[in-house]
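These notes concern the structure reproduced below.
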Number of protein chains: 2
Amino acid sequence: MPVRSEKHRDRRFKMTPQRLAILDYLKGNVQHPAADDVFRAVRRKYPTMSFATVYNTLEALKKRGMVKELTGDPDKKRFDPNTSPHHHLICTNCRKIVDIPVQFDLDFAEQYREGFVITGSHIEFSGICLECRNRSRA
Amino acid sequence: MPVRSEKHRDRRFKMTPQRLAILDYLKGNVQHPAADDVFRAVRRKYPTMSFATVYNTLEALKKRGMVKELTGDPDKKRFDPNTSPHHHLICTNCRKIVDIPVQFDLDFAEQYREGFVITGSHIEFSGICLECRNRSRA
DNA sequence: TATCATCTTAGAACTGTTCTTGTCAATATA
DNA sequence: TATATTGACAAGAACAGTTCTAAGATGATA
């Protein structure tokens, strides 16, 4: 589906070349990039690209539910273009984030909601990834 | 290098008044404070307290497993003196974090570990807390 | 193509965190 | 006791990531 068709859903979201480039970079990306990664990648095509544009665009996409902001990395905000329900593994050594492509059933947790209206859940496992273990063994 | 006996295990961790004050503030605290909160609270008793001391102490306590660092708040690091296994609810409006005092069984997730050696898990529900809902209704 | 709201850029400003420096106290060693 | 070592403190500089500002440029639409 061409990204441009989105314009009919939200005519206030202009499909500028910069935004298309950012969407293009995010599409199918499983690295869970930070703003920094987006900036460096897209700047190759648009050398005048500014950080403000990256943050503005990510914020706009977030507001429209096209990306999710992750909190697992304590050092920077990272973004996930995969908006279908899934969970994450994060390597405490290299900060790599890997998807767990299924959704666990946590309905039984409803009884603990403490008056909250729950809008989302996130399960995250931390550990050491295969690559980091191999590296430290070398 | 000589092996330290069990009773001397922590003799490199001096119990200074500043550290005792920080521990005292954290003990039983269920607010999941940020460094900032610790600083403001402890400074009342020790007006010369420095941010460096707060961060150093929190880092030392983390290293010794006496507090956990949380990642649910994208804007700042927050700390949890409750080190027993439990989960969290976070209000996306006021950033309040509330404990869910039980541990869910996620052993079945082992099959998705993607080569990771898993050392921890964290389940977090996001939503709107009762107070924020009442406030917005007013 | 004229209009208007939105977008982009560049850089400043801000926030939370880490690092550096100088000093001191407590402990270990001779 | 004298001396060395270690750990801790305060103050503030430095740093990284993010947000904000101002002004001009651009895209969508009629």
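Hydrogens, waters and symmetry mates play no part in the numbers below; they use all other heavy atoms, side chains included. Note on naming: letters A, B, ... go to the chains in the order of the sequence lines (proteins, then strands), and numbering restarts at 1 for each one.
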Less than 4.0 angstrom between a side-chain N/O of Thr53(B) and OP1 or OP2 of dA10(D), yes or no? yes
Working to the nearest 0.5 Å, report the span between CD1 of Ile90(A) and SG of Cys129(A). 10.5 Å
By salt bridge (charged side-chain N to carboxylate O under 4.0 Å, His left out), Asp37(B) pairs with (sequence neighbours left out) Arg40(B)
If an axis is fit to five pairs at each end of the helix from dT1(C)-dA30(D) to dA30(C)-dT1(D), what is the angle between the two, to the nearest 10°? 40°
Can you check the Tyr46(B) OH to dA8(D) C1' distance for me, whole Å? 14 Å
Under 3.5 Å, which donor-acceptor pairs do the side chains of residues 102-109 of chain A form with other protein atoms, sequence neighbours left out?
residue: Asp105(A); atom: OD1; partner: Asp107(A); partner atom: N; Å: 3.1

Contacts of Arg43(A) meeting side-chain hydrogen bond (donor to acceptor under 3.5 Å, both in side chains) (sequence neighbours excluded), chain-then-number -> none
With sequence neighbours excluded, give me every side-chain hydrogen bond (donor to acceptor under 3.5 Å, both in side chains) pair touching residues 90-99 of chain A. His32(A)-Asp99(A), His86(A)-Asp99(A), His88(A)-Asp99(A), Lys96(A)-Glu131(A)
What is the distance, to the nearest angstrom, from the CG atom on Leu20(A) to the P atom on dT26(D)? 16 Å
Think Arg19(A) has a side-chain N or O under 4.0 angstrom from the OP1 or OP2 of dT8(C)? yes
Without decimals, in angstroms, what is the distance between Asn56(B) CG and dT21(C) C1'? 14 Å
Between dT8(C) (C1') and Arg43(A) (CZ): distance, integer Å: 16 Å
When rounded to whole Å, the CD to C1' distance for the pair Glu69(A) and dT18(D) reads 11 Å
On a heavy-atom basis, which atom in Cys91(B) and which in Cys94(B) lie closest, and how many Å separate them? SG-N, 3.5 Å
Euclidean distance, atom CZ of residue Phe13(B) to atom C1' of dA25(C) [Å, nearest integer]: 16 Å
What protein N or O atoms touch nucleotides 14-18 of chain C N or O atoms at under 3.5 angstrom, if any, and at what distances?
residue: dT17(C); atom: OP1; partner: Lys77(B); partner atom: N; Å: 2.6
residue: dT17(C); atom: OP2; partner: Tyr55(B); partner atom: OH; Å: 2.5
residue: dT17(C); atom: O5'; partner: Tyr55(B); partner atom: OH; Å: 3.0
residue: dT18(C); atom: OP1; partner: Lys77(B); partner atom: NZ; Å: 3.1

Hey, mind stepping through Asp73(B) and Arg78(B) against salt bridge (charged side-chain N to carboxylate O under 4.0 Å, His left out) and telling me if it holds? CA-CA 7 Å; Asp73(B) 187 333; Arg78(B) 293 174 61 168; 3.1 Å; yes
Identify whether any heavy atom of Thr16(A) sits under 4.0 Å from a base atom; if not, whether one sits that close to sugar-phosphate; answer base, sugar-phosphate or nothing. sugar-phosphate
Could you give the side-chain donor-acceptor pairs of residues 112-125 of chain A under 3.5 Å, partners two or more places apart or in another chain?
residue: Arg113(A); atom: NH1; partner: Phe116(A); partner atom: O; Å: 2.4
residue: Thr119(A); atom: OG1; partner: Ser126(B); partner atom: O; Å: 3.3

Rounded distance in Å - CG (Asp73(A)) to P (dA16(D)): 15 Å
Start at the 5' end of DNA chain D and walk down; is the nucleotide closest to Pro17(A) or to Pro17(B) reached first? Pro17(B)
Which pairs would a plain distance check flag for residues 16-31 of chain B, meaning a side-chain donor or acceptor within less than 3.5 Å of a matching protein atom at least two apart in sequence or in another chain?
residue: Thr16(B); atom: OG1; partner: Arg19(B); partner atom: N; Å: 3.3
residue: Arg19(B); atom: NH1; partner: Lys14(B); partner atom: O; Å: 3.3
residue: Asn29(B); atom: OD1; partner: Gln31(B); partner atom: N; Å: 2.6

Side chains of residues 53-60 of chain B: which donor-acceptor pairs under 3.5 Å do they make with residues two or more places apart or in other chains?
residue: Asn56(B); atom: ND2; partner: Ala52(B); partner atom: O; Å: 3.2
residue: Thr57(B); atom: OG1; partner: Thr53(B); partner atom: O; Å: 2.7

Tell me whether the OP1 or OP2 atom of dA10(D) has a side-chain N or O from Gln18(B) closer than 4.0 Å. yes
Of dT6(D), dA28(D), dT8(C), the nucleotide closest to the side chain of Lys14(A) is dA28(D)
Is any side-chain N or O of Ser50(A) closer than 4.0 Å to OP1 or OP2 of dA10(C)? no
Quick one: Arg40(A) CZ to dA16(D) P, roughly how many Å, whole number? 13 Å
